[in-house]
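Below: one structure, written as structure tokens.
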There are 2 protein chains.
Amino acid sequence: MGAREPLSRARVVTAALALVERHGVEALSMRKLAAELGVEAMSLYNHVKNKDDVLDAIAEVVFADIALPAPTADWRTDALALAHAFRAAALAHPRTASLSLTRQLGYPALPVTEAALALMTRAGHDPEQAVHASRALLAYVIGTLLREINSTTDPDALRHTTLTTSGLPHVTASAAHLAVCHHESEYRFGLELLLDAVALRVAG
Amino acid sequence: MGAREPLSRARVVTAALALVERHGVEALSMRKLAAELGVEAMSLYNHVKNKDDVLDAIAEVVFADIALPAPTADWRTDALALAHAFRAAALAHPRTASLSLTRQLGYPALPVTEAALALMTRAGHDPEQAVHASRALLAYVIGTLLREINSTTDPDALRHTTLTTSGLPHVTASAAHLAVCHHESEYRFGLELLLDAVALRVAG
DNA sequence: CTTGACAAGCTTACGGCGTAAGTGGGACCG
DNA sequence: CGGTCCCACTTACGCCGTAAGCTTGTCAAG
């Protein structure tokens, strides 16, 4: 019965992340988290302020995992790379990513925000337009990833609700949307669309 | 001591919506909701399956409140009108809207989905591209509204976390983002950007 | 008028939750 | 060796969602 590795904030956060990825956010409780670490619930509070602190901490991990691409000569390449890195990080921890995209994170998200802003400035926007454009880019990325993650987690939510509704007034749209689900290529499609528009706006 | 108005699903949902708008989602409990209606918690279950059912129901309200604009000759006008209607409905119930944008809603969101799809088809896209483009539009709308709603609900979350962080390595970006906060005009900016790109893609 | 079914409220009860507050022992420093 | 501090444990409180059962008012059929 040797001494076990001592608890630490890092160990708590890691365990919380694992628990959320395995069973979803709603399954995360301080008691279960403690059990996971072979410890009583209240011991966690020596390393963590409260449950919200834990949620913030795991949400940050996703942003921390975004490998910001080094800027190249072409802002457009960089934009695609940034968006791709964002998506990769989100898909690496899908259930946690829902949290990250939803929660209001200030500082942890800043590097990404700033990268997007720098990018749009380099593209030739004036400062105010650069802010607008970078936010548009991030809004698209976040909106798309939210949808993608939800449909991955719960793949036939739409199909189910449509089929159990009698009368089916709107099958056409749902069928069309279900038929097209190559997430990655769709992501690129919207991205290119947006970047085309940015380029156009700067040129014209 | 006359007989009070009997409970009904509609009354429950209305009260839940009001409670959420007043005190936030985390303040919604079956007990408080019942108290609001002058009733005991378990009575609610005669009209509602469970708490999740309540949450779904209030989330639907936002979509139901989107006044779908009648199609005109110009798809672009219609796209702006749709986005504007979406935004109006979301801002009318901001705290509930977070739920609506986050939760996976199948059927209730369908009219909007279909309107966007129809619009992109009318713009000249082939069916598959129309799906992609409509999803891009909705992703932008949802991503933007999430940000807007969160920053309205909790206006200085970013400022606070930045200021309390010593070292402040990234003040530039956050300051720039804070300085620009005319939500409505920003919304239009990104929207026009996206629609320009759609028009371009169809023409070229 | 009686009866019995049914809808819709109330009561009780259970297990789980987050966390405030206090306890105790082991490690380290004087 | 005594003191101090860290850190895990224990206890306890009030809230939660909801299963199960009970009560009461309403109303149609006999």
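The structure presented is a predicted model; accordingly, all values stated were derived computationally and were not measured. These numbers come from the heavy atoms of this one structure, side chains and all, not from hydrogens, waters or symmetry mates. A note on names: the letters A, B, ... follow the listed sequences, proteins ahead of strands, and every chain is numbered from 1.
Counting only heavy atoms from C-beta on, B:S29 has its side chain closest to D:dG17 among C:dT19, C:dC17, D:dG17. Side-chain proximity of A:V39 to the nucleotides D:dA19, D:dC9, C:dG18 is greatest for D:dC9.
Between the side chain of A:N50 and the base of C:dG18 there is no donor-acceptor pair of N/O atoms closer than 3.5 Å.
When the P atom of D:dC15 is taken as reference, atom NZ of B:K51 falls 15 Å away, rounded to whole Å. Here D:dC5 presents its P atom at 16 Å from CG of A:N46, a figure rounded to the nearest Å. If you measure from atom CD of A:E26 to atom C1' of C:dG18, you get 17 Å, rounded to the nearest angstrom. Rounded to an integer number of Å, the gap from CG of A:L33 to P of D:dA8 is 13 Å. Between the CG atom of B:L37 and the P atom of C:dG9 there is a distance of 10 Å, given to the nearest Å. As a whole-Å value, the separation of B:L44 CG from D:dC16 C1' is 14 Å. Rounded to whole Å, the distance from CE on B:M30 to P on D:dC16 is 12 Å. Here the C1' atom of nucleotide C:dG16 and the NZ atom of A:K32 are 9 Å apart, to the nearest Å.
Residues B:D78 and B:P69 are not in side-chain contact: their nearest non-hydrogen atoms beyond the backbone lie 4.5 Å or more apart.
At a threshold of 4.0 Å, the pair B:K51-B:D56 does not count as salt-bridged, since none of the basic side-chain nitrogens sits closer than that to a carboxylate oxygen.
Place A:R31 and A:E40 on DNA chain D by their nearest nucleotides, and A:E40 ends up nearer the 5' end. When each of A:M42 and A:A27 is assigned the nucleotide of DNA chain C bearing its nearest heavy atom, the one mapping closer to the 5' terminus is A:A27.
Of the possible donor and acceptor atoms, one in the side chain of A:E21 sits under 3.5 Å from a partner among the backbone N and O of A:T96. Remark: side-chain polar atoms of B:T102 are not paired, donor with acceptor, to backbone N or O of B:L99 under 3.5 angstrom.
The aromatic rings of B:F189 and A:H132 sit tilted relative to each other, their planes meeting at an angle between 30° and 60°.
In this structure, B:K49 reaches neither bases nor backbone, as no heavy-atom distance under 4.0 Å exists between it and the strands shown.
One finds no side-chain N or O of B:S43 lying less than 4.0 angstrom from the OP1 or OP2 phosphate oxygen of C:dA8. Proximity of B:H47 to the phosphate of C:dA7: no side-chain N or O atom is located under 4.0 Å from OP1 or OP2.
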